[in-house]
Amino acid sequence: MERIFIHLGTHKTGTTSFQRFMLERREWLRRAGIEPYIETREGAADANCYRLVHDVLRAEAMTMSRYVGAVAPPHEARLAGLACHVQEFLARARAAGRSVLFSAEAFSFLRNAAELGALRRVLGAEVGRIVPLVVFREDAAWRRSWVAGIARHSVAGPLMAAADFPLLGDWWFDKQAIRAFWAQLGPVMAIEYEAAMERDGDIIPALLGAMGLGCPGDLDFRLNVSPVVGGGG
């Protein structure tokens, strides 16, 4: 059965490392039966499809990408074009007998019924089994890493002490809400970051295992390679 793996992040759980794996090992993934969704921006390939997600995400959700102007506001015509593009991608993968893999930390920001409808519209009617994959950190560590990442940001960091700063709300860390949203699309496969790191020293083996894959023997584990820019969420 065709499966649509959707990797949700979350923040500072090796998401960028896994996306780099998707790029560098895309042929390995294809041979294993999984087609990674790769975007091209400014002539460069990127496995973080955060722009796709921001066309689905409710307009009032102020993310880092929106705060620093890295994405345009949602637009109906662009969403329609995105739906055509994604469904063509899914059709090609289906014809090749492959499942697909999307990855973006911004997937973990989706919450409401309108976003669910928009995501279903993008994926189309002929959709296979959806498998949401999420990596959760221990709550306090998750919050610390979030705040530290903002503090290091050249634009957001100097502004985070303001009373109306929009990127420090509790909603980011609501595991129950994340599970509830994605459970509407498929059984959520949750990986505990600390346990995976203790066992494997990296998150990639756990994510591959959740997709039914082994790990390449020559895999070079590289975590914490995320640049301090606005594209993560």
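Model, not experiment: these values are computed from the prediction.
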Quiz prompt | Inter-residue atom distance Gln19.CD - Met22.CE, 0.5 Å rounding | solution = 6.5 Å
Exercise. Taking side chain to side chain donor-acceptor pair (under 3.5 Å) as the test, write out the residues that go with Arg199, two or more places apart.
Key: none
Exercise. Tell me, please, which residues at least two apart from Phe5 pass ring pair (Phe, Tyr, Trp, His ring centres under 6.0 Å).
Key: none
Practice problem: Not counting sequence neighbours, which residues clear side chain to side chain donor-acceptor pair (under 3.5 Å) with Arg94? List them please. | Solution: Glu2
Quiz item: Side chains of Leu133 and Met211: does their closest heavy-atom pair fall under 4.5 Å?
Solution: yes
Quiz item: If Ile, Leu, Val, Met, Phe, Trp and Tyr residues are connected whenever their side-chain heavy atoms lie under 4.5 Å apart, and connections chain through other members, are Ile38 and Val71 in the same group?
Solution: no
Quiz item: Side chains of Trp182 and Leu110: does their closest heavy-atom pair fall under 4.5 Å?
Solution: yes
Self-check item: Nearest non-hydrogen partners of Arg121 and Ala83, listed with the distance
Solution: O-CB, 3.7 Å
Quiz prompt | Check: Lys12 side chain, Arg143 main-chain N or O, donor-acceptor pair, under 3.5 Å | solution = no
Self-check item: Distance (rounded to the nearest 0.5 Å) between Tyr193 OH and Ser145 OG
Solution: 8.5 Å
Quiz item: Arg30: what forms a side chain to side chain donor-acceptor pair (under 3.5 Å) with it, not counting sequence neighbours?
Solution: Glu27, Glu35
Quiz item: Can you name the closest pair of heavy atoms from Leu208 and Gly214 and give their distance?
Solution: CD1-O, 3.5 Å
Quiz item: Does the side chain of Arg98 reach to within under 4.5 Å of the side chain of Leu29, using non-hydrogen atoms?
Solution: no
Quiz item: Okay, side chain of Glu115, backbone of Asn112: is any donor-acceptor separation there less than 3.5 Å?
Solution: yes
Practice problem: Taking the side chain as every heavy atom from C-beta outward, state whether Arg120 and Val127 have any pair of such atoms under 4.5 Å apart. | Solution: no
Quiz item: Between CG of Leu90 and OH of Tyr37, what distance do you get to the nearest 0.5 Å?
Solution: 9.0 Å
Quiz item: Under 30°, 30 to 60°, or over 60°: which ring-plane class applies to Phe136 and Trp142, parallel, tilted or perpendicular?
Solution: tilted
Quiz prompt | Contacts of type side chain to side chain donor-acceptor pair (under 3.5 Å), residue Asp164, not counting sequence neighbours | solution = none
Quiz prompt | Atom pair CD1 (Ile204) and CZ (Arg20), whose distance is rounded to the nearest 0.5 Å | solution = 10.5 Å
Quiz item: Which atoms form the tightest heavy-atom contact between Met64 and Ile150, and what is the distance?
Solution: CE-CG1, 4.0 Å
Quiz item: Roughly how far, to the nearest 0.5 Å, is CZ of Arg179 from CG of Asp174?
Solution: 11.5 Å
Practice problem: Decide yes or no on side chain to side chain contact (heavy atoms under 4.5 Å, CB included) for Arg3 and Ile130, but give the supporting numbers first. | Solution: CA-CA 6 Å; Arg3 292 172 295 174; Ile130 297 176; over 6 Å; no
Quiz prompt | Trp171 side-chain N/O to Ala177 backbone N/O, donor-acceptor pair under 3.5 Å | solution = no
Practice problem: For Ile4 and Gly128, work out which heavy atoms get closest and say how close. | Solution: CD1-N, 4.3 Å
Practice problem: On the 0 to 90° scale, with breaks at 30° and 60°, tag the Phe21-Phe18 ring pair as parallel, tilted or perpendicular. | Solution: parallel
Quiz item: So, the side chain of Arg26 versus the backbone of Leu23: is there a donor-acceptor pair under 3.5 Å, distance only?
Solution: yes
Self-check item: Test item: Glu194 side-chain N/O and Glu138 main-chain N/O as donor-acceptor pair under 3.5 Å
Solution: yes
Quiz prompt | Heavy-atom donor-acceptor pair, Trp172 side chain to Ser108 backbone, under 3.5 Å | solution = no
Quiz item: Can you tell which of Ile191, Leu207, Val134, Val135 makes a side chain to side chain contact (heavy atoms under 4.5 Å, CB included) with Thr13?
Solution: Val135
Self-check item: Donor-acceptor contact present, side-chain His85 to main-chain Gly81, <3.5 Å
Solution: no
Self-check item: Side chain proximity check, Leu79 to Pro74, heavy atoms < 4.5 angstrom
Solution: no
Quiz item: Taking only residues two or more places apart in sequence or in another chain, which ones pass ring pair (Phe, Tyr, Trp, His ring centres under 6.0 Å) with Phe165?
Solution: Tyr67
Quiz item: Between the side chain of Glu39 and the main-chain N/O of Asp46, is any donor-acceptor distance below 3.5 Å?
Solution: no
Self-check item: CZ-OG1 distance between Arg58 and Thr63, expressed to the nearest 0.5 angstrom
Solution: 9.5 Å
Quiz item: Is there a donor-acceptor contact under 3.5 Å from the side chain of Gln184 to the main chain of Phe181?
Solution: yes
Exercise. Take atom CD of Glu60 as the centre, draw a 6.0 Å sphere, and report whether it contains more than 12 heavy atoms from other residues, nucleotides or ligands.
Key: yes
Exercise. Could you check if a side-chain atom of Leu82 sits within less than 4.5 angstrom of a side-chain atom of Leu52, using non-hydrogen atoms only?
Key: yes
Exercise. Provide the closest heavy-atom pair for His153 versus Val68 in the form atom of the first, atom of the second, distance.
Key: CE1-CG1, 3.5 Å
Quiz item: Is there side-chain contact between Thr15 and Thr10, with heavy atoms separated by less than 4.5 Å?
Solution: no
Quiz item: Counting N and O atoms only, with roles assigned by atom type, does the side chain of Arg66 sit under 3.5 Å from a partner on the main chain of Ala61, one being a donor and the other an acceptor?
Solution: yes
Quiz item: Which heavy-atom pair separates Val56 from Ala118 by the least distance, and what is that distance?
Solution: CG1-CB, 3.9 Å
Quiz item: Would you call Phe102 and Val86 a side-chain contact if the rule is heavy atoms closer than 4.5 Å?
Solution: yes
